[in-house]
Amino acid sequence: MSRNQSILDLEIIAAKIRRNVLDICRQRGGYASQGVALADITAALYFDELRPDGEGWYHDCFVLSNGHDAIMTYGALAETGHYTMDELRTYNADGSHVDQSPIEGQLGFEITAGSLGQGPSQAAGLAWALRQKGSDKRVYCLFSDGELQEGNVWEGAMFAAHQKLDNLVFIVDNNDMQASGHAADVMAVEPVPEKFEAFGCKTRRITGTDMAELLDTFDEARATKDKPYVMICDTRLWDGIDCLQKELPMAHYTAKGAVNWDAGVAEIEATLAALEEQRND
Ligand SMILES: Cc1ncc(C[n+]2csc(CCOP(=O)(O)OP(=O)(O)O)c2C)c(N)n1
Ligand SMILES: [Mg+2]
């Protein structure tokens, strides 16, 4: 399929999303490590995979299940122009409408997702309803490895496979991290692909940070018939900003004073400059 954006263009957008995430979170703290790690997935989704509806929004649906990862959506929707950075800098402030875990109806958010584990089944229901209505809309749902420990996720997978929902893509942020430590230590979730395969889904394990691989995976998902598709993305917190990954590798939540934000910004600015130079060559 011909792409809307080149790989390099998307990598530049991902770097800008990472920069936005730092800018937003450094004000009062936030879920910066996830937003940074998921920037490539977010760039691919909002700038290539989700089809525009011609009215300023998207024809396809993105369902965020792990509400705290809203920061990745905010970072991207600043680049699309749906939010301003001034607005987003109120993230985590009393009285701000830019919630850390948004509620249904806020621009960019299909469901209220603070209570984890609810997204996959709601996305499966949405995909089923759209198919019943004869719609060609596709549904993409991001959820986390921590959520894999919840039964509702597997009920959603079972339903989606039984209904042959090939308009549904699950994107798992398989970062081996949950609030209280490594998922492998708290309650192991692996082998993730084999589990979804056993439920009747088609799967592929990827890094989640390689743009060419991401685009190829979305292509494969679109070409898959009669099965839901599951992308298992082995991201690691802070992927794309090495100095912060070294400084605070396990940071489910990043407090305002926990990291050297200036160093992170300097590194992402350098990455962005190098990518832009490559584009101008
Ligand atoms: C049903 C439910 N149980 C517990 C929580 C508290 N909680 C918030 S984030 C989180 C960690 C979940 O793991 P994951 O989403 O993989 O964390 P991340 O990789 O983003 O750090 C937990 C347990 C919650 N929000 N909802
Ligand atoms: Mg996790």
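Order of listing sets the numbers, starting from 1, for every ligand and every atom in it. Only a predicted model underlies this, so the values are computations on that prediction, with no experimental measurement involved.
Of the protein's non-hydrogen atoms, Leu116 CD1, 3.8 Å is the one closest to atom 8 (C) of ligand 1. In terms of protein heavy-atom proximity, atom 25 (N) of ligand 1 is nearest to Gly114 O, 2.9 Å. His252 ND1, 2.6 Å is the protein heavy atom nearest to atom 21 (O) of ligand 1. Counting only heavy atoms of the protein, atom 15 (O) of ligand 1 lies nearest to Ser144 OG, 2.7 Å. Of all protein heavy atoms, the one closest to atom 20 (O) of ligand 1 is His68 NE2, 2.7 Å.
Between the side chains of Asn175 and Gln34, no donor-acceptor pair of N or O atoms lies under 3.5 Å.
For a threshold of 3.5 Å applied to N or O pairs, the pair formed by Asp145 and ligand 1 contains at least one separation below that value. Between Gln34 and ligand 1, at least one N/O pair is under 3.5 Å apart. In terms of polar-atom proximity, Gln178 is not counted as a contact of ligand 1, lacking any N or O under 3.5 Å from an N or O of the ligand. In terms of polar-atom proximity, Asp69 is not counted as a contact of ligand 1, lacking any N or O under 3.5 Å from an N or O of the ligand. Residue Asn175 has at least one nitrogen or oxygen atom sitting less than 3.5 Å from a nitrogen or oxygen atom of ligand 1, judged on distance alone.
Centred on the Mg ion (ligand 2), the angle running from Asp145 (OD1) to Met177 (O) is recorded as 100°, rounding to 10°.
Comment: Asp239 does not engage Arg236 in a salt bridge, judged by the lack of any side-chain N to carboxylate O separation of less than 4.0 angstrom. Between Lys225 and Asp166 there is no salt bridge, since no side-chain nitrogen of the basic residue lies less than 4.0 Å from a carboxylate oxygen of the acidic one.
Taking the six-membered ring for Trp and the full ring otherwise, Tyr229 and Phe170 have centroids separated by 6.0 Å or more.
The proximity of Glu150 to ligand 1, defined as any non-hydrogen pair under 4.0 Å, is limited to the side chain.
In this structure, Phe199 and Trp154 have tilted ring planes: the angle between them lies in the 30° to 60° band. Aromatic ring pairs are classed by plane angle as parallel below 30°, tilted from 30° to 60° and perpendicular above 60°; the pair Tyr31 and His68 is tilted. Between His82 and Tyr58, the ring-plane angle classifies as tilted under the 30° and 60° cut-offs.
When the options Leu22, Asp262, Leu244, Ile241 are evaluated for a side chain to side chain contact (heavy atoms under 4.5 Å, CB included) with Glu267, the one that passes is Ile241.
Metal site remark for the Mg ion (ligand 2): Asn174 contributes no N, O or S atom at a distance under 2.8 Å.
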Pair Leu272-Arg18, side chain to side chain contact (heavy atoms under 4.5 Å, CB included): steps then yes or no
CA-CA 10 Å; Leu272 190 51; Arg18 288 188 167 93; over 6 Å; no

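The residue from Gly146, Ala179, Ser115 that puts a heavy atom closest to atom 11 (C) of ligand 1 is Ala179.
Other residues sharing the hydrophobic cluster of Val186, ordered by chain and number and joined by side-chain separations under 4.5 Å: none, the residue standing alone.
Of the protein's heavy atoms, none falls inside 4.0 Å of atom 4 (C) of ligand 1.
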